2 protein chains.
Amino acid sequence: MKRTDFKNCSCAMQRSMGILGTRWKPIIIYTLRDRKARFGQLDALIENISRKVLTSSLKELEEDGIILREEFKELPPRVEYALTEKGKALIPIMCQLAKWNEEYYEEPAPLIL
Amino acid sequence: MKRTDFKNCSCAMQRSMGILGTRWKPIIIYTLRDRKARFGQLDALIENISRKVLTSSLKELEEDGIILREEFKELPPRVEYALTEKGKALIPIMCQLAKWNEEYYEEPAPLIL
DNA sequence: CGGAATCCCATTTGATACTG
DNA sequence: CAGTATCAAATGGGATTCCG
């Protein structure tokens with residue numbers, strides 16, 4: 001069963017995971033919680049993400065109605081990504097998820113070299 | 001970069017995804033929100049999950065301090081899984097995630113065959 | 001600048017059968 | 001019952017190059 005098939009499951013949680021159940025998508029949404037951002041900005045803001053994953057994730061999130069892609073016909077080209085209402089509804093949830101980690105996170109012991 | 005490497009990132013959201021950023025783990029946690037459950041119960045309650053994925057997910061969630069595995073020395077064997085405090089702290093978040101989907105979910109058009 | 005295209009590897013997920 | 005073992009397949013992910 002592929003992930004996107006989850007979207008039509010009878011369980012709401014499974015449907016949510018059909019949209020969000022990857023490593024990077026929640027991070028992208030979290031990054032857009034308080035700003036629009038251009039492709040290059042997202043690439044810079046999100047550590048370690050590759051352009052390919054960023055591209056495909058943005059496309060899928062757009063298809064799922066989470067983000068909006070706005071293309072300006074300029075030179076050099078400019079594209080801005082922002083959350084839709086449906087996406088904005090996820091902001092508090094994403095923030096709680098980050099906060100949850102901070103509350104239970106234990107620093108890894110520093111390596112002595 | 002593998003998912004588990006996320007756990008030591010500087011970004012709290014990335015660290016959360018290092019623990020939860022898969023299809024099935026949030027669903028497992030959600031299923032345990034109001035009950036303990038045995039392995040077989042989880043397998044039955046969670047539609048379409050395979051035993052292998054269930055096994056490995058439970059093991060990792062235990063390592064990450066999200067769930068507790070209690071093994072009873074009986075015959076036939078009995079094992080119960082329950083959320084830890086750290087895991088319980090995720091319950092409201094998981095519930096909001098399910099609720100989010102219900103609010104924005106549109107029934108797929110029925111197929112006419 | 002914002003991708004798309006290509007190539008390739010790693011990880012995740014899955015089906016099935018078997019075991020203490 | 002609660003897993004393992006095994007094998008296979010899908011998906012995710014990354015590096016690099018190219019283009020309008």
Side-chain angles (χ1 to χ4, degrees), chain A residues 1-7 9 11 13-14 17-29 31-32 36-64 67-82, chain B residues 1-7 9 14 17-29 31-32 36-64 67-82:
Chain A
M1 188 181 212
K2 52 178 77 163
R3 199 198 74 244
T4 47
D5 290 340
F6 279 41
K7 293 180 194 171
C9 269
C11 168
M13 191 59 184
Q14 292 204 17
M17 286 306 103
I19 298 175
L20 304 171
T22 72
R23 287 184 221 180
W24 292 109
K25 287 183 185 176
I27 297 170
I28 293 172
I29 295 167
T31 305
L32 289 171
K36 296 177 169 186
R38 301 173 59 169
F39 183 86
Q41 283 182 302
L42 288 170
D43 193 27
L45 285 167
I46 303 174
E47 274 186 271
N48 296 310
I49 198 170
S50 71
R51 290 157 163 281
K52 179 183 174 182
V53 172
L54 184 54
T55 300
S56 66
S57 299
L58 288 170
K59 194 173 298 178
E60 288 185 26
L61 286 172
E62 192 191 0
E63 288 169 6
D64 289 329
I67 63 174
L68 209 70
R69 179 181 186 277
E70 192 177 5
E71 186 174 351
F72 300 84
K73 302 292 185 185
E74 308 173 351
L75 263 174
R78 179 161 64 104
V79 177
E80 284 187 349
Y81 294 94
Chain B
M1 187 182 210
K2 55 176 76 163
R3 199 198 72 244
T4 49
D5 290 340
F6 279 40
K7 294 180 194 170
C9 271
Q14 293 204 16
M17 286 305 103
I19 298 175
L20 304 172
T22 72
R23 283 184 224 181
W24 292 109
K25 287 182 185 176
I27 297 171
I28 294 172
I29 295 166
T31 305
L32 288 171
K36 297 178 169 186
R38 301 172 62 169
F39 184 86
Q41 284 182 301
L42 288 171
D43 193 26
L45 285 167
I46 303 173
E47 275 187 272
N48 296 310
I49 197 170
S50 70
R51 294 157 102 65
K52 182 180 174 188
V53 172
L54 183 54
T55 301
S56 67
S57 299
L58 288 169
K59 195 173 294 178
E60 287 185 25
L61 285 171
E62 191 191 0
E63 288 169 7
D64 288 329
I67 63 174
L68 210 69
R69 179 182 186 276
E70 192 177 4
E71 186 174 352
F72 299 86
K73 301 294 184 183
E74 309 172 350
L75 263 173
R78 178 161 64 105
V79 178
E80 284 187 348
Y81 293 94

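In the text below, chain A, chain B and the rest are named by the order of the sequence lines, each starting its count at 1. Since the structure is predicted, the reported quantities are computational estimates derived from the model, not experimental observations.
The salt bridge (charged side-chain N to carboxylate O under 4.0 Å, His left out) test applied to A:K73 returns A:E71, not counting sequence neighbours. When the salt bridge (charged side-chain N to carboxylate O under 4.0 Å, His left out) test is applied to B:E80, the partners found at least two apart in sequence or on another chain are B:K36, B:R78. Partners of A:R3 according to the side-chain hydrogen bond (donor to acceptor under 3.5 Å, both in side chains) rule, which considers only residues two or more places apart in sequence or in another chain, are A:E60.
Heavy-atom neighbours of A:Q41 CD from other residues, nucleotides or ligands within 6.0 Å: above the threshold of 12.
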Protein and nucleotides 15-20 of chain C: nitrogen or oxygen contacts under 3.5 angstrom:
none

Please determine whether side-chain contact (heavy atoms from CB on, under 4.5 Å) holds for the pair B:K7 and B:T4, giving the CA-CA distance in whole Å, both sets of side-chain angles, and the decisive distance to 0.1 Å. CA-CA 6 Å; B:K7 294 180 194 170; B:T4 49; 4.0 Å; yes
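Across all strands, B:T55 comes closer than 4.0 Å to base atoms (heavy-atom distances). If you check every strand for non-hydrogen atoms under 4.0 Å, A:F72 touches nothing.
Within the 4.5 Å cutoff, the side chain of A:L58 has heavy atoms near those of the A:F39 side chain. In this structure, A:F6 and A:L20 have side chains that are not in contact, with every pair of non-hydrogen atoms separated by 4.5 Å or more.
Side chain of B:W24, nearest nucleotide from C:dG2, C:dT13, C:dT11: C:dT13.
Of all nucleotides in DNA chain D having an atom under 4.0 Å from a heavy atom of chain A, the first and last in 5' to 3' order are D:dT11 to D:dG20.
For the pair A:K59 NZ and C:dG2 P, the interatomic distance rounds to 15 Å; values are reported in whole Å.
Summary of helix geometry: the two end axes of the helix from C:dC1-D:dG20 to C:dG20-D:dC1, each defined by five base pairs via their C1' atoms, are inclined to each other by 50° (rounded to 10°).
Rounded to the nearest 0.5 Å, atoms CD1 (A:I49) and CD1 (A:I27) are 7.5 Å apart.
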